[in-house]
Amino acid sequence: MASSSLLCFGLCLLVLFNACFAQIEQVTDITREGKQQRQRQQRFQTQCNIQNLNALEPRQKVESEAGVTEFWDQNNEQLQCANVAVFRQRIQQRGLLVPAYTNTPEIFYVVQVVFPGCAETFQDSQQQQSFQGSKSQDQHQKVRQLREGDVIALPAGAAHWIYNNGRDQLVLVALVDVGNSQNQLDQYFRKFYLGGNPQPQLQGFSQSQGGRSQGSQGSDDGRGGNLFRGFDERLLAEAFNVNPDLIRRLQRPQIQRGIIIRVEEELRVLSPQRDREQEQEECEETPSYERDNGFEETICTMKLRHNIDKPSHADVYNPRAGRVTTVNRFNLPILRDLQLSAEKGNLYPNALLAPQWNLNAHSIVYVTRGNGRMQIVAENGENVFDGQIREGQLIVVPQGFAVVKRAGNRGLEWISFKTNDVAMTSQLAGRASVLRGLPLDVIQNSFQVSRDEAQRLKYNRQELTVFTPGPRSQWGLTVA
């Protein structure tokens, strides 16, 4: 049983936007190995005819015994443009999300304080080498402990399960990249459940985009069911070498509990002692270029998570305005294969994120705390979004579209999932901006301003990416 010192963590069984100066150091490596990688891993592209953007709320809510799953509408033009799907799961204390896998790579962020689940490398200390004499003992795959702020990356088809052994509700927001080359099906997200009573609304939701459903905890009409349900019970009984009665209970659980079930007694798993966990944490802090090798790159042993909330991990930090932290293939190598990355932003009250655009990725922004104002501008100079954003909302910033964020009085925090393993940005203002790199004469003639005005445009903002707020009258921006 996990010790009490682990109660503040979830358990996970399975199993960044950098400033321009940092990105420049990475470009050489990208061009060397990235060209061949891009040639064999091409995203499926869709048309982006964006005339207007909106902050999105989840469209469908499906309740289970010990939690809730919420989906954003994959057919929304914003998500269609980025070719992704997004969902959120709220897991109550002692809630277990049954084992499942998807047809696409998946990356999720622990919003509020996981168990995702390769070879049986964890064994009971009392278990003997002869399994015949210790059937009551257990052995299973490695169990990873996660915490709030972790980003977890899963390849397509990787079975995982989630258990909340903390005292609070566990909230996860997940992005599935249906446009990824690992998805060999159509452009819809599919979840294959190995256990539980999956509701019909959870299976084929992307295709049907049915209406809102609440309170459904299973189905007796034959439309919903776990993966084992479709097999002949006698074949499964032979495959597992068990009684067919057991297979029938596996295929059709008697109690309709959905996909998030409540564990009556504390879940029993094998876990290393705390000191071993701390050693593992220190190992994971070691830069990937110092320890990558073929053994660590196997799916069962490689690093699958990275905490993006630690202030010490920030790529850009302004003590008066906030910080921005990224996770990409350089600090989480599995993202190289998934072609995904993430950015966590934390703006203090009324602070400003530099106007910028994504060079090589779409950005799917989910607000984790606070509120603020956000503007997005298309290639023709049209403002496609200008409005308030708040906790729990989602919005897509297409590649190349310029965006600016300003925090409200409560501050603003967000997680951005990006459709490139080394997503890069370029700023319009600040010390690392495009204008800072232009000659004064180019600025002066391009904008038809005086040389003094061009100099102010180029040098007045000395901060890098996260800006301290100016006087309200100067900005003309108000955020409640």
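Basis for what follows: all heavy atoms, side chains included, without hydrogens, waters or symmetry-related copies.
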| Donor-acceptor pair, Asn318 side chain versus Val466 backbone, under 3.5 Å? | yes
| remark: Taken to the nearest 0.5 Å, the spacing of Gln339 CD from Asp337 CG works out to 8.5 Å
| Test item: Arg323 and Val316 side chains (from C-beta on) under 4.5 Å apart, heavy atoms | no
| request: Check whether any side-chain heavy atom of Val84 lies under 4.5 Å from a side-chain heavy atom of Val396, and answer yes or no. | output: no
| query | Under the side chain to side chain contact (heavy atoms under 4.5 Å, CB included) criterion, do Ile260 and Thr69 qualify, and how do the steps go? | reply | CA-CA 9 Å; Ile260 306 174; Thr69 304; 4.0 Å; yes
| task | Taking side-chain hydrogen bond (donor to acceptor under 3.5 Å, both in side chains) as the test, write out the residues that go with Arg94, two or more places apart. | result | Glu266
| Quick one: does Asn307's side chain have a donor or acceptor within less than 3.5 Å of a partner on Glu148's backbone? | yes
| message | Check whether Gln251 reaches the backbone of Arg249 with its side chain - one donor and one acceptor, N or O, closer than 3.5 Å. | response | no
| field | Taking every non-hydrogen atom, the tightest pair across Leu332 and Leu304 | value | CD1-C, 3.8 Å
| N-O pairing of Glu391 and Arg369 below 4.0 Å | no
| When you measure from the side chain of Gln182 to the backbone N and O of Pro105, does any donor-acceptor pair fall under 3.5 Å? | no
| message | Treating Asn180 as the side-chain partner and Asp177 as the backbone partner, does any N or O pair qualify as donor plus acceptor under 3.5 Å? | response | no
| message | Set out, in order, the CA-CA distance, both residues' side-chain angles and the distance that settles side-chain hydrogen bond (donor to acceptor under 3.5 Å, both in side chains) for Gln92 and Arg262, then state yes or no. | response | CA-CA 8 Å; Gln92 299 170 12; Arg262 179 167 288 105; 2.3 Å; yes
| Residues Arg406, Val404; criterion side chain to side chain contact (heavy atoms under 4.5 Å, CB included); working and verdict | CA-CA 7 Å; Arg406 186 184 183 190; Val404 62; over 6 Å; no
| field | Atom pair CZ/CG of Arg329 and Leu338 - distance to nearest 0.5 Å | value | 12.5 Å
| Straight-line distance of Thr325 OG1 to Asn331 CG, nearest 0.5 Å | 10.0 Å
| field | Separation of Asn183 CG from Thr104 OG1 (nearest 0.5 Å) | value | 6.0 Å
| Quick one: does Val242's side chain get under 4.5 Å of Ile247's, heavy atoms only? | yes
| query | Gln93 and Asn164: side-chain donor and acceptor closer than 3.5 Å? | reply | no
| Carboxylate-amine/guanidinium proximity below 4.0 Å for Glu63 and Arg90 | no
| query | Would you call Asp386 and Arg373 a salt bridge, using N to O less than 4.0 angstrom? | reply | yes
| message | Donor-acceptor check, side chain of Asn54 to backbone of Gln78, threshold 3.5 angstrom: yes or no? | response | no
| message | Tell me if a side-chain donor or acceptor on Asn328 pairs with a main-chain N or O of Ala423 at a distance below 3.5 Å. | response | no
| Is there a side-chain contact between Asn409 and Asn350 (heavy atoms, below 4.5 Å)? | yes
| request: Determine, for Asp150 against Arg305, whether the closest basic-nitrogen to carboxylate-oxygen distance falls under 4.0 angstrom. | output: yes
| Can you find a heavy atom in the side chain of Phe228 that is under 4.5 Å from one in the side chain of Tyr193? | no
| remark: Correct closest heavy-atom pair for Leu175 and Leu340 would be CD2-CD2, 4.3 Å
| Relative to the ring of Tyr366, is the ring of Trp72 parallel (under 30°), tilted (30 to 60°) or perpendicular (over 60°)? | perpendicular
| said: Side chains of Gln393 and Glu57 only: does a donor on one sit below 3.5 Å from an acceptor on the other? | reply: yes
| field | Between CG on residue Leu79 and CD1 on residue Ile395, distance to nearest 0.5 Å | value | 10.5 Å
| query | Counting N and O atoms only, with roles assigned by atom type, does the side chain of Thr419 sit under 3.5 Å from a partner on the main chain of His362, one being a donor and the other an acceptor? | reply | yes
| query | Could you walk me through whether Glu233 and Arg252 pass the salt bridge (charged side-chain N to carboxylate O under 4.0 Å, His left out) check? | reply | CA-CA 11 Å; Glu233 64 183 47; Arg252 296 173 179 83; 5.2 Å; no
| Worked verdict on Leu56 versus Asn76 for side chain to side chain contact (heavy atoms under 4.5 Å, CB included) | CA-CA 9 Å; Leu56 305 175; Asn76 180 277; 3.6 Å; yes
| request: Kindly state each residue pair satisfying salt bridge (charged side-chain N to carboxylate O under 4.0 Å, His left out) with at least one member in residues 345-354, sequence neighbours excluded. | output: none
| query | Does the ring center of Phe87 lie less than 6.0 Å from the ring center of Phe189? | reply | yes
| Looking just at side-chain N and O atoms, do Asp309 and Tyr109 make a donor-acceptor pair shorter than 3.5 Å? | yes
| message | Checking side-chain hydrogen bond (donor to acceptor under 3.5 Å, both in side chains) between Asn358 and each of Glu343, Lys418, Gln399, which is the one that passes? | response | Lys418
| message | For His306 and His313, take the angle between the two ring planes, folded into 0 to 90°, and tell me which bin it lands in: parallel under 30, tilted 30 to 60, perpendicular over 60. | response | parallel
| Where do Leu194 and Ala159 come nearest, in terms of heavy atoms and distance? | CD1-CB, 4.3 Å
| From Leu352 atom CG to Lys405 atom NZ, the distance as rounded to the nearest 0.5 Å | 10.5 Å
| message | Just so I know, are the side chains of Val68 and Val62 near enough to count as touching, which here means a heavy-atom distance under 4.5 Å? | response | no
| task | Grab the two heavy atoms, one from Ile91 and one from Leu172, that are nearest each other, plus how far apart they are. | result | CD1-CD1, 4.5 Å
| request: Before giving the answer on side chain to side chain contact (heavy atoms under 4.5 Å, CB included), spell out for Val403 and Leu353 the whole-Å C-alpha distance, their side-chain angles and the decisive distance to 0.1 Å. | output: CA-CA 9 Å; Val403 58; Leu353 184 73; over 6 Å; no
| 4.5 Å side-chain heavy-atom contact, Val86 and Phe108 | no
| field | Where Val384 and Ala378 come nearest, the two heavy atoms and their spacing | value | CG1-CB, 3.9 Å
| message | Whether the side chain of Asp73 engages the backbone of Arg59 through a donor-acceptor N/O pair (distance < 3.5 Å, no angle test) should be reported. | response | no
| Got Arg390 and Val367 here, is their nearest side-chain heavy-atom distance under 4.5 Å? | no
| note | All heavy atoms of Ala174 vs all of Glu106, minimum pair found to be CB-OE2, 3.8 Å
| Val422 backbone acceptor or donor facing Ser341 side chain under 3.5 Å | no
| task | Would you tell me whether Ser64 and Gln199 have side-chain atoms, one donor and one acceptor, within less than 3.5 Å of each other? | result | yes
| request: With Lys344 as the cation and Trp414 as the aromatic partner, state whether NZ or CZ is under 6.0 Å from the six-membered ring centre and within 45° of the axis. | output: no
